[in-house]
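Scroll down for the structure; my scribbles are underneath it.
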Amino acid sequence: MSNKQDIPQEVYELYDAYCHGDISRRAFFSGLGKYAVGGMTVTSLAACVMPDYAKQQTQPGADGLYEEMLIYNSPNGAGEMEGYFVRPANAAGKLPGIVIIHENRGLNPHIRDVTRRAAQAGFVAFAPDALYPLGGYPGNDDDGRAMQAKRDREGMVQDFMAAAEFLRGHVAVNGKIGCVGFCFGGAVSNLMAVRQPWLSASVPYYGGWPTADEAAQVQVPLQIHLAGLDERVNAGWPDYKAALDANSVSYEAYIYPGVNHGFHNDTTSRYDSEAAKLAWERTLDFFRLHLV
């Protein structure tokens, strides 16, 4: 199995279940045994779907960017929080801000890369680490996932909401704030659109859904990105769509055929370059429309 086309869809589904805590690491590797054929071992098959953080589109210290770790207050969440702050180094005047919300494993190298990409596009980007109260992202996703599971979900939502408030008041920001999140972060982005009506835009990628009652409260423009093969998340989309329509919420929704949950993450074989490129272009255009 030398490329993603050789990997059975069932392997991606096993990985998705493992990533979201539905099965244990042991069960994941045990399940892979069924597909370790043709000279492939379970270990090498796992390596095909696990993240490779050498694959990044930007690097720390990228030319033209200013980067630092910032502490901020989250009075209704962890109390003290930290995030990765990146902005264009030589910006003329204040810029719009974007909160980047990670998946269920903390502020890993991929999310840092996405944060730098947003800054390269002309925004002030801020990516909190929900694992900061527990010592921060531990350097690998397995431990990060286990750590994040120890935190209260509502507390983490409050931490990201506080990050948006913090960024809105930052001296480098013009007061207009959007948010974008992936998986767990997509669910948080959806909730922030419910609870923070002052936001200028929210862009959830394949995240969980608010309730119909919560949909009635949304005043923030939404741009929703979904993977065509992601049956788990997509099952809730028709009901949420109906609630948004019933309340005349402003939204765009895109479903990318034939791609898996996590298609935007270029560090795993679930990545689809065509869909990811289009989705990110749409994301930046949406932010430019509503934040600039």
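The two atoms that bring Asp143 and Pro138 nearest to each other are CB-CG, 3.6 Å, heavy atoms only. Nearest heavy atom pair, residue Met81 against residue Pro128, reads CE-CB, 4.2 Å. Residues Val124 and Ala172 approach most closely at CG2-O, 3.8 Å, considering heavy atoms. Scanning all heavy atoms of the two residues, the minimum distance from Leu291 to Ser200 falls at CD1-CB, 3.6 Å. Nearest heavy atoms, Ala227 versus Asn234: O-ND2, 2.7 Å. Between Ala119 and Ala125, the shortest heavy-atom distance links the atoms N-CB, 4.3 Å.
The main-chain N or O of Trp209 is never found under 3.5 Å from a side-chain atom of Trp237 such that the two would form a donor-acceptor pair. In this structure a side-chain-to-backbone donor-acceptor pair under 3.5 Å is missing from Gln219 to Pro197. Side-chain atoms of Ser202 come within 3.5 Å of backbone N or O of Ser189 as a donor-acceptor pair. Checking side-chain atoms of Gln196 against main-chain N and O of Met161 turns up a donor-acceptor pair under 3.5 Å. A distance-only check finds a donor-acceptor pair linking the side chain of Glu214 to the backbone of Thr211 [under 3.5 Å]. Although no hydrogens or angles enter the test, the distance criterion places a donor-acceptor pair under 3.5 Å between the side chain of Thr115 and the main chain of Ile111. Judged purely by atom type and a 3.5 angstrom limit, Ser269 uses its side chain to pair as donor or acceptor with the backbone of Cys48. Formation of a donor-acceptor pair under 3.5 Å by the Asn265 side chain with backbone atoms of Thr267 is found in this model. Checking side-chain atoms of Asp239 against main-chain N and O of Ala212 turns up no donor-acceptor pair under 3.5 Å. Not a single donor-acceptor pair under 3.5 Å links the side chain of Asp16 to the backbone N or O of Tyr12.
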(message) With side-chain contact (heavy atoms from CB on, under 4.5 Å) as the criterion, how do Val259 and Tyr271 come out once you've worked through the C-alpha distance, each side chain's angles and the decisive distance to 0.1 Å?
(response) CA-CA 8 Å; Val259 303; Tyr271 174 64; over 6 Å; no
(request) Determine, stepwise, if the pair Arg116 / Gln59 fulfils side-chain hydrogen bond (donor to acceptor under 3.5 Å, both in side chains). (result) CA-CA 8 Å; Arg116 292 190 293 271; Gln59 293 296 325; 5.4 Å; no
(request) Start with the C-alpha distance between Ile224 and Leu244, add both sets of side-chain angles, then the distance that settles side-chain contact (heavy atoms from CB on, under 4.5 Å), and finish with yes or no. (result) CA-CA 12 Å; Ile224 297 164; Leu244 294 177; 4.2 Å; yes
(message) Go through it in stages, so that I can follow the logic: the residues are Gln217 and Asn247, the test is side-chain hydrogen bond (donor to acceptor under 3.5 Å, both in side chains), and I'd like the CA-CA distance, side-chain angles, deciding distance and then a yes or no.
(response) CA-CA 8 Å; Gln217 302 173 47; Asn247 292 283; over 6 Å; no
(message) Checking His110 against Tyr53 for the side-chain hydrogen bond (donor to acceptor under 3.5 Å, both in side chains) test, could you report, in this order, the C-alpha distance in whole Å, the side-chain angles of both residues, the deciding distance, and whether it holds?
(response) CA-CA 7 Å; His110 169 65; Tyr53 288 132; over 6 Å; no
(message) Apply side-chain contact (heavy atoms from CB on, under 4.5 Å) to residues Tyr66 and Asn90 and explain how you reach the verdict.
(response) CA-CA 9 Å; Tyr66 172 82; Asn90 299 310; over 6 Å; no
(request) Given side-chain contact (heavy atoms from CB on, under 4.5 Å), test Tyr251 with Gln223 step by step and report yes or no. (result) CA-CA 6 Å; Tyr251 73 91; Gln223 186 182 78; over 6 Å; no
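Side chains of Phe166 and Val99 form no contact here, defined as non-hydrogen atoms less than 4.5 Å apart. For the pair Leu199/Met192, a side-chain contact is recorded, criterion being any heavy-atom separation below 4.5 Å from C-beta on. Under the 4.5 Å side-chain criterion, counting only non-hydrogen atoms from C-beta, Tyr72 is not in contact with Leu167. Using a 4.5 Å heavy-atom cutoff, the side chains of Leu107 and Arg112 are in contact. Using a 4.5 Å heavy-atom cutoff, the side chains of Phe286 and Val203 are in contact. With contacts defined as side-chain heavy-atom distances shorter than 4.5 Å, the pair Leu32/Tyr15 does not qualify. Using a 4.5 Å heavy-atom threshold, the side chains of Asp141 and Pro51 count as touching. With contacts defined as side-chain heavy-atom distances shorter than 4.5 Å, the pair Pro96/Phe287 does not qualify.
Taking CG of Asp113 as the reference point, atom CD of Gln120 lies at 8.5 Å (rounded to 0.5 Å). Here CD1 of Ile98 is found 9.0 Å from CD1 of Ile177. Values are rounded to the nearest 0.5 Å. Atom CD of Glu67 sits about 11.0 Å away from atom CZ of Phe85, to the nearest 0.5 Å. To the nearest 0.5 Å, the span separating CD on Gln57 from CH2 on Trp280 amounts to 9.5 Å. For the atom pair CG (Leu14) and NZ (Lys34), the distance works out to 9.0 Å, reported to the nearest 0.5 Å. With rounding to the nearest 0.5 Å, the separation of CG in Leu131 from CD in Glu82 is 11.5 Å.
In the hydrophobic clustering of ILVMFWY residues, with side-chain heavy atoms under 4.5 Å counting as a link, Leu222 and Val188 come out apart. Leu278 and Tyr254 fall within a single hydrophobic cluster, where Ile, Leu, Val, Met, Phe, Trp and Tyr side chains are chained together by heavy-atom contacts under 4.5 Å. Connection of Val42 to Val49 is established within a shared hydrophobic cluster, with ILVMFWY side chains joined at heavy-atom distances below 4.5 Å, either directly or through further cluster members. Note on Val220 and Trp198: same hydrophobic cluster, where clusters join Ile, Leu, Val, Met, Phe, Trp and Tyr whose side-chain heavy atoms are under 4.5 Å apart, directly or indirectly. Residues Val157 and Ile101 fall within the same hydrophobic cluster, defined by Ile, Leu, Val, Met, Phe, Trp and Tyr side chains chained together at heavy-atom separations under 4.5 Å.
Using a cutoff of 4.0 Å between basic side-chain nitrogens and carboxylate oxygens, Glu154 and Arg195 are scored as salt-bridged. Residues Asp159 and Arg151 are paired through a salt bridge, judged by an N-O separation under 4.0 Å between the basic side chain and the carboxylate. In this structure, Asp129 does not pair ionically with Arg105, as no charged nitrogen and carboxylate oxygen lie closer than 4.0 Å. Arg282 and Asp285 are not joined by a salt bridge, as no carboxylate oxygen comes within less than 4.0 angstrom of a charged side-chain nitrogen.
Side-chain N/O atoms of Asn260 and Gln9 include a donor and acceptor closer than 3.5 Å. Of the N and O atoms on the side chains of Thr283 and Tyr205, at least one donor lies less than 3.5 Å from an acceptor on the other residue. No hydrogens or angles considered: nothing links the side chains of Asn73 and Glu80 as a donor-acceptor pair under 3.5 Å.
Geometrically, Arg270 does not engage Phe263 in a cation-pi contact, judged by NZ or CZ lying under 6.0 Å from the ring centre and within 45° of the ring axis. For the pair Arg145 and Phe184, the cation-pi test (distance below 6.0 Å, angle within 45°) is failed.
Less than 6.0 angstrom separates the ring centroid of His102 from the ring centroid of Phe160. Under the 6.0 Å cut-off for aromatic ring centres, Tyr137 and Tyr132 do not qualify, their centroids lying 6.0 Å or more apart. Phe126 has its ring centre no less than 6.0 Å from the ring centre of His170. For His264 and Phe182, the ring centers are positioned less than 6.0 Å apart.
Using cut-offs of 30° and 60° on the angle between ring planes, the pair Tyr206 and His261 is tilted.
For Asp63, the CG atom counts as loosely surrounded, since its 6.0 Å shell holds 12 or fewer non-hydrogen atoms of other residues, nucleotides or ligands.
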